[in-house]
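Have a look at the structure below, then the notes.
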Amino acid sequence: MNVSIIDQLKKKKILSLLKDGQRVDGRAFDEPRPLVVDTGVIPKAEGSARIRLGDTEVVTGVKIQPDKPFPDLGDRGIFICTAEILPLADPNAEPGPPNEDVIELARVVDRGIRESSMIDLTKLVLQKDKSVVGLFVDNSVTDYDGNLFDACSYASVASIMSCKIPKWEMVNDVPTLVDGQVSDPPITTIPVSVTMGKIGDYVIVDPNADEWSCMDARITITTNSNGNICAIQKGGDDGFTLEQLLKCSQISIATGAKIREILKKVSGS
Amino acid sequence: MNVSIIDQLKKKKILSLLKDGQRVDGRAFDEPRPLVVDTGVIPKAEGSARIRLGDTEVVTGVKIQPDKPFPDLGDRGIFICTAEILPLADPNAEPGPPNEDVIELARVVDRGIRESSMIDLTKLVLQKDKSVVGLFVDNSVTDYDGNLFDACSYASVASIMSCKIPKWEMVNDVPTLVDGQVSDPPITTIPVSVTMGKIGDYVIVDPNADEWSCMDARITITTNSNGNICAIQKGGDDGFTLEQLLKCSQISIATGAKIREILKKVSGS
Amino acid sequence: MNVSIIDQLKKKKILSLLKDGQRVDGRAFDEPRPLVVDTGVIPKAEGSARIRLGDTEVVTGVKIQPDKPFPDLGDRGIFICTAEILPLADPNAEPGPPNEDVIELARVVDRGIRESSMIDLTKLVLQKDKSVVGLFVDNSVTDYDGNLFDACSYASVASIMSCKIPKWEMVNDVPTLVDGQVSDPPITTIPVSVTMGKIGDYVIVDPNADEWSCMDARITITTNSNGNICAIQKGGDDGFTLEQLLKCSQISIATGAKIREILKKVSGS
Amino acid sequence: MGVKKSDIVLLDDKGLRCDGRKIDQPRRIMIKAGVLKNANGSAYIEFGENKILAGVFGPRDVHPKHLANTDRGILRCRYHMQPFSVSERKNPAPSRREIEISKVIKEALEPAVMLENFPRTVVDIFIEILQADGGSRCAALDAAAVALADAGIPMRDMVSACAAGKVADTIVLDINNEEDQEGQADMPVAYMPNLEKITLIQLDGVLTPQEYEKCVNTAISGCKLVYEIQKKALRDKFFGDESQ
Amino acid sequence: MGVKKSDIVLLDDKGLRCDGRKIDQPRRIMIKAGVLKNANGSAYIEFGENKILAGVFGPRDVHPKHLANTDRGILRCRYHMQPFSVSERKNPAPSRREIEISKVIKEALEPAVMLENFPRTVVDIFIEILQADGGSRCAALDAAAVALADAGIPMRDMVSACAAGKVADTIVLDINNEEDQEGQADMPVAYMPNLEKITLIQLDGVLTPQEYEKCVNTAISGCKLVYEIQKKALRDKFFGDESQ
Amino acid sequence: MGVKKSDIVLLDDKGLRCDGRKIDQPRRIMIKAGVLKNANGSAYIEFGENKILAGVFGPRDVHPKHLANTDRGILRCRYHMQPFSVSERKNPAPSRREIEISKVIKEALEPAVMLENFPRTVVDIFIEILQADGGSRCAALDAAAVALADAGIPMRDMVSACAAGKVADTIVLDINNEEDQEGQADMPVAYMPNLEKITLIQLDGVLTPQEYEKCVNTAISGCKLVYEIQKKALRDKFFGDESQ
């Protein structure tokens, strides 16, 4: 919990660069790091992706299984999204149950996809109130260099876009796999999250680990294919002015559009 | 675990007062603190109460839901009583799983009500062996000033007396709510616990926090509306003489009768 | 985690004795400690045994209950074996969830019995895919003097050999006890584990607590009634040469045969 | 948002909402400061059907000690729901939702607390939801901020929270439970009214950029209404309730 | 008490109970001290169908250290049931019932142990129920007290425990399993026989004030019987079993 | 072993196995060293359908400190499966199987690591199974050993692991998933190729003494093949991939 002297010096350095309009790694303020996406990396999973956002790396798998629907939601399939920072990703990560940061990470990634209605869950019902298809999207961070919100979000979206849904038929009230028949997931929009950090009064897109460790506040804004805003999460121990908030929404729409093109290419859609 | 010097001085003071026939707050040895009871404080719960016993405050809610009966107990409803000391109630309380003191508290409160047969559980069966009505009584201590046994017991009894039981009918083997129909709970007796502390050889009723922290032993005796004894729990690191035990039972019957009148008034019965 | 000076001296002493062909308690290198077996010590359990292997003591009970079969294993009964070092067995044992040593212990004991096919689980099916008989074998170590692998293994085998299986019949799809009818368990072979420790380059059978605390590596080899090998587990922070491994297998067959005779006598088979 | 569709009319032809409110009208809000004896500071809020208790302890020693910060105090927050606070009895163990809300509330309050004034110590905020309704995180925040002030913790501003949202294609103030279930978007916002900074903002549901701007402004106007009620609660505690 | 009603005759017309005992007759009790090699003190008891092992370690260092008390030693107690000790296999994790019983047993033994003689240390009592029957907490207490004495822990008195109860409208000594299930009241009591103090008393079931007094006295008479058996177990351990 | 019987032909009349391999032929093995940025050493292995990542941190300070050893470093190992690594989604909490495998892998690597060179410190090995196939513990060990070397941890030998087993009454090298399910025995072995010591051996399934000897020898021959691939991975990392 102690802010080390090294961290203080780092923040000083980063701030003085920002005053000159520069970032530590030479990017523009509104420029995300290069995004590299590979899908199908875990053939045994129904969908998968490994993405690198700068030096942050995430491997994500989608498992698809029949399940009971949630009570009162018998007319839609199940979508659950988790996140874990593997201990080999970061010398400070610890194995064990997730801490509040990781719980927030998983919930924000889940919400961005869920609130955009990316997956039409009404198409994933095998028998109303009895049996539905469940999509379980597990994000595993394998290398840490900041901004896990966007990295896990892009890995989740890419692995969902590339997944194949097996076919089950109800036989004697039991969902039974129909071998060899798969379908594309019912995708309605492509949600893209864009996370911005505030250091002093400067707002920067896609903070790397050095920037992440010294930022005062952050905001993650998720937009859909129409350029509308579908989820927001503010974090960190400082606030935003109204003006900053409006600027962030504009950045998230513009940057989100570029990232969406990369994600679209990957899945060939 | 260390008995602080302040605690030792406090005990000395309390003992010397007791020798003069006095308690720290001026009460008689067999005099409980004022009991204030409000019911219906949580309208969304089927029953609820907030009680103050001196400066000890408890909020209790009763949730009533259909449930599966316990195995071998298919002909009776379910009654479960819990207790939690909320961390805002006491600077020393800690959030997290209950420690042995809180487990004992919950079990003693539960047992006093259960062993008195206060609620006629045979009246809470929807379909024998399949579906019964469950009453879940959750006690939350919001302010601590000693003697949680009685405070939680009174709050539980008041919230049960004031609860309304929704009506369910079995439709296709599924318990189905009949909107707008409720009934009074099937109450057979009003159990009242009276907790006494022993400091030196003095026995005092309803110890407050100062007395609680320095007492040598305690006993909780629960009596029913007939003035019979239906549950006992001794605690603390010292013993009672037979004579003391018999005196305690007399106190519990007399004091219990007074408390019972207060509880009866509240629910209008 | 610190190797104490006393432990170092102990190891020195033990090693110098081994060089002279001697063990601390006078046994030959390939000689296990005396094994004493009592069965039926817990009459309420369907099978039970208390065994002493030297000064290591284990009490084991077998509970037998109908259960649902594992998915994809609907044509066989359930066998589950656990182990716990009770805190009264050892000043260093701690109550609470099992650590990695105890988890390995339980899994090795379980595997030795399971891989030998000692119990013909196909004989324990009440209704295919619906209801089977489950054997739960719980080993409780009550006194510790080394080599829990073999002690728990012998106690498990003896309690299984001595158990009586109640009879259940399916009535309306529910397994229903047929009072007073029991049968012997369907036993196909008697697996016997033999654990050997390596101290320096000496291999000794059935290490006691002193030997256990200073050995460099260990191996547990389980053989069946035919003298074949059915399970192996190597442990400890050193390796074995191929020659040592082959010698260990010979010892385990020879010693296992002697132990098997003791176990056979106990159950009268 | 909008998972279930029912027959409820979220906005009628007179511009009234399902509970009779106008689009810019908050629910009934009542705050009382100093309601607990043991806590160093406390507050009770009723916000619509929400009934919430907040208690503050500290600044006090940190346990375990290695969590202490030599430069400044630390703030901890626990948002916790009573088992009887919701329709279906809730398991008392903290859910992932409660852990996340605890975190965002802490981060919304932290900019207002002068933690630099009490290094090596901790201020603990405990929030107990006695009865839950739509907007419980905003109501909890409002109570917690009053409890901090009641405890005499030095603050550079109050923090006031209120949600706005989208219902029947209209931006409205202070979403209730039905509107949360049936509506199109819910945006809780916390605001420091004098420093004019937004310290919490979340969004579930879809908004156009224009709706987004309107929604933030609507929420801020709600925060300002809440601020007056918070000030009155503290005045009533310290100078007596003038209305009585 | 009295949840299930069956055909069992709890008290027949000759005044005999369902297991043939008279109303003031305890079940068979056998105690053996010093049965474990590693524990500092130990005892094994068979009390009716109860089979229970108790082991004591200490006085020894306390871990974690902050639990130590500079004025006096501390006593810890764990009452734990084996998975195979009851009809339906029990989950080995400690239940709330086991945690409560551990606590009341510790508090029943504490008055007898001269903890003031060994500050900063702990005495640990571990009780393992190998086979459970009615009255297991009393039997466990009896074994634990003998194990403490066997460990040489300084004690100011023995602690002896036995239950009494109400069955077929009659106060009887030492309730068995069937009587616990079908009877009207169960009252476990622990007693220091020389100091004449009751250190444990619990009651489940309904008693009139007169029955209450009789029940306590009956239980104390049982404790005195147990005391003789405890003394014999320690004599047999330290001076040899004279009966052999 | 051999729980389910299906129609699969484990060994055909040409001496080929169900995946077309000869009895002494391992599956495809690919190892890459130095694949992670944050870890001090790392490796990625594909061994049949296994896809496994290993990362090493240390030597570094031990937390909590009381675990540190004043004489020598300590080695810790976690073997962990991703939820998506197997057919049925796996609960991410470590299973008892994973805890046991973590322990045997640690004990298989420990003889090779010169822990006496760095007292009071710890080396942590984290193994993540991205996709699981038969023989994942051997593949995990192979990757972990390369990751240790990549981290520059002083080692007195490499550790190379490969299983052998019995299928259709024949001893074969490197059991795959189907052979593990349908075959007669599986014996994972880890070997220090220069010191000629076996540091891991387990067996599930029945072997005669003669088969046992043959099986160990077959597994060791597989370990020697793996050793060459491990060396190449480290050469490629430190001196460049000559094949490219």
Side-chain angles (χ1 to χ4, degrees), chain A residues 38 40-50 52 54-67 78 80-98 102 106 134-146 155-156 159 163 166 177 208-209, chain F residues 34-44 46 48-61 63-64 76-94 98-99 102 122-133 136 140 143-144 147 150-151 177:
Chain A
D38 290 302
V41 296
I42 308 293
K44 286 193 180 181
E46 282 74 25
S48 61
R50 182 182 55 235
R52 283 191 87 87
D55 281 325
T56 286
E57 187 179 72
V58 178
V59 178
T60 299
V62 182
K63 295 300 293 180
I64 303 182
Q65 311 174 166
D67 212 326
I78 289 171
I80 285 174
C81 187
T82 78
E84 188 181 9
I85 303 176
L86 300 182
L88 49 65
D90 183 358
N92 302 313
E94 296 205 347
V102 176
L135 271 80
F136 300 86
V137 180
D138 293 296
N139 294 287
S140 295
V141 177
T142 54
D143 229 343
Y144 176 74
D145 191 19
S156 296
S159 64
C163 80
L177 189 68
N208 66 22
Chain F
V35 295
L36 297 176
K37 179 175 163 277
N38 281 290
N40 299 133
S42 61
Y44 174 70
E46 294 188 358
E49 299 298 315
N50 287 295
K51 292 172 189 281
I52 299 169
L53 208 47
V56 167
F57 289 101
R60 60 180 178 178
D61 285 351
H63 295 287
R76 289 192 296 213
C77 178
R78 186 178 98 129
Y79 168 100
H80 181 240
M81 302 180 78
Q82 298 310 305
F84 48 77
S85 63
V86 280
S87 315
E88 187 95 0
R89 179 177 182 271
K90 190 198 160 289
N91 185 312
E98 284 167 283
I99 291 169
S102 299
V122 63
V123 171
D124 278 307
I125 305 170
F126 298 112
I127 297 169
E128 300 291 345
I129 311 297
L130 303 177
Q131 183 168 282
D133 191 11
S136 71
D150 181 47
N177 212 27

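Only a predicted model underlies this, so the values are computations on that prediction, with no experimental measurement involved. Each chain gets a letter, A, B and so on, in the order the sequences are listed, and its residues count up from 1.
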Contact origin within [X] toward chain A - heavy atom pairs under 4.5 Å:
| X | value |
| --- | --- |
| Arg78(F) | side chain |
| Asp124(F) | neither |
| Ala132(F) | backbone |
| Ala93(F) | neither |
| Val86(F) | backbone |

What is the minimum heavy-atom distance between Phe84(F) and Ala45(A), and which atoms define it?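 So the two residues come closest at O-CB, 4.1 Å.
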
Quick check: closest heavy atoms across Pro87(A) and Phe57(F), and the distance to 0.1 Å?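 Residues Pro87(A) and Phe57(F), closest heavy atoms: O-CE1, 3.2 Å.
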
CZ (Arg50(A)) with more than 12 external heavy atoms under 6.0 Å: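 Counting neighbours around CZ of Arg50(A), 12 or fewer heavy atoms of other residues, nucleotides or ligands fall under 6.0 Å, so no.
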
Region of [X] in contact with chain F, defined by heavy-atom distances below 4.5 Å:
| X | answer |
| --- | --- |
| Asp138(A) | both |
| Glu57(A) | side chain |
| Pro43(A) | both |

N/O donor to acceptor pairs below 3.5 angstrom from side-chain atoms of residues 36-44 of chain F, sequence neighbours left out:
| unit_1 | atom_1 | unit_2 | atom_2 | d |
| --- | --- | --- | --- | --- |
| Asn38(F) | ND2 | Ala89(A) | O | 3.1 |
| Asn38(F) | ND2 | Asp143(A) | OD1 | 3.0 |
| Asn38(F) | ND2 | Tyr144(A) | O | 2.7 |
| Asn40(F) | OD1 | Gly58(F) | N | 2.9 |
| Ser42(F) | OG | Val35(F) | N | 2.9 |
| Ser42(F) | OG | Leu36(F) | N | 2.9 |
| Tyr44(F) | OH | Glu46(F) | OE2 | 2.8 |

Can you check whether Lys44(A)'s main-chain N or O pairs, donor with acceptor, with Gln131(F)'s side chain at less than 3.5 Å?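 It does hold such a pair.
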
What's the verdict on side chain to side chain contact (heavy atoms under 4.5 Å, CB included) for Glu84(A) and His80(F), showing C-alpha distance, side-chain angles and the deciding distance? CA-CA 12 Å; Glu84(A) 188 181 9; His80(F) 181 240; 3.5 Å; yes

What residue, out of Glu128(F), Lys51(F), Glu49(F), Gln82(F), has the most heavy-atom pairs lying under 4.5 Å from chain A?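 Result: the option with the highest number of such pairs is Glu128(F).
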
Could you tell me which of [options] has the largest number of non-hydrogen atom pairs under 4.5 Å with chain F?
| options | result |
| --- | --- |
| Thr82(A), Val62(A), Leu86(A) | Leu86(A) |
| Pro95(A), Pro91(A), Gly96(A), Ala209(A) | Pro91(A) |
| Val137(A), Leu88(A), Asp145(A) | Leu88(A) |

